[in-house]
Amino acid sequence: MITPSSQSPGDVTQLLLKWRNGDKTALEDLMRLVNYELRRLARACLRREYAERTMQTADLVNEAFLRLIKGDQVDWRDRAHFFAVAAEVMRRVLVEEARKRKRLKRGGSRTRVDLEQALTVTVERGVELLALDEALDWLSQFDPRKCRIVELRFFGGLTIEETATVLDVSVDAVRDGRREAAV
């Protein structure tokens, strides 16, 4: 298995460039190279989900990767850019799943429950994920960079330095959330 210690950021970048230029074998090599990191990212995202989730790590990685390879027209820059896009895709997949569960909960799949059970109020983390998504959508209207910082750090698990690279700003700008301070 390829682990982060056995790869360099340049390996991922080179494979992304080859894939973008039409080399189909580069996609297979890329999949093997980033699988470990995507699984780590998916586990982190799913840990924030509620305990009764239906999606497993492999499901999230597979769905995200399927969506990523459809983005073969993306102008991939480097490893950090790839994982930033992967984080955004995973966020969308999880939000779609949470919305689906909420629809089912609200009558999409009606089940009979007794009155006592119906009065028991539970807070599902899937609903919290929807609230976070709504908050990020709201924030993006007022400060898109801060929204991207939260998304990259929370969903993507990117470091402050990787986030700064993706956003093309200084590390201090990421830490402080300032609008200015380009690299």
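- R79 and T13 make their closest contact through N-OG1, 3.3 Å (heavy atoms, listed as atom of the first residue, atom of the second, distance).
- No side-chain heavy atom of D29 sits under 4.5 Å from any side-chain heavy atom of L33.
- Across every non-hydrogen atom of R39 and T57, the tightest pair is O-CG2, 3.7 Å.
- Taking CG from N35 and CZ from R40, the interatomic distance works out to 12.5 Å, rounded to the nearest 0.5 Å.
- W76 and F82 have tilted rings, their planes meeting at an angle from 30° to 60° on a 0 to 90° scale.
- Scanning both residues, K146 and L139, for their nearest heavy atoms gives C-CD2, 3.9 Å.
- Here E96 does not pair with K100 in a salt bridge; the nearest charged N to carboxylate O distance is not below 4.0 Å.
- The heavy-atom pair separating A86 from L38 by the smallest distance is CB-CD2, 3.7 Å.
- Salt bridge annotation for R99-D133: present, with a cationic side-chain nitrogen under 4.0 angstrom from a carboxylate oxygen.
- Evaluation of the side chain to side chain contact (heavy atoms under 4.5 Å, CB included) rule for S140 yields C147 as partners, not counting sequence neighbours.
- R148 contributes no side-chain N or O that, together with a main-chain N or O of T163, makes up a donor-acceptor pair within less than 3.5 Å.
- The pair R91-D137 meets the salt-bridge criterion, since a charged nitrogen lies less than 4.0 angstrom from a carboxylate oxygen.
- At least one side-chain heavy atom of F65 sits less than 4.5 Å from a side-chain heavy atom of I69.
- Between the side chain of N21 and the backbone N or O of L17, at least one donor-acceptor pair lies under 3.5 Å.
- The shortest distance between side-chain heavy atoms of F83 and E162 does not fall below 4.5 Å.
- Between the CE atom of M31 and the CG atom of N62 there is a distance of 8.0 Å, given to the nearest 0.5 Å.
- The side-chain heavy atoms of D78 and V12, taken from C-beta on, include no pair separated by under 4.5 Å.
- The line from CG of L27 to CZ of R32 is 10.0 Å long, rounded to the nearest 0.5 Å.
- Rounding to the nearest 0.5 angstrom, the gap separating the CE atom in M90 from the CZ atom in R67 is 11.0 Å.
- Contact of the T165 side chain with the H81 side chain is not registered, since no non-hydrogen atoms from C-beta on lie closer than 4.5 Å.
- Taken together through direct or relayed side-chain contacts under 4.5 Å among Ile, Leu, Val, Met, Phe, Trp and Tyr, L66 and L60 form part of one hydrophobic cluster.
- Rounding to the nearest 0.5 Å gives a distance of 7.5 Å between CG of D143 and CD1 of I149.
- To the nearest 0.5 Å, atom CG of residue L152 and atom CD of residue E88 are 8.0 Å apart.
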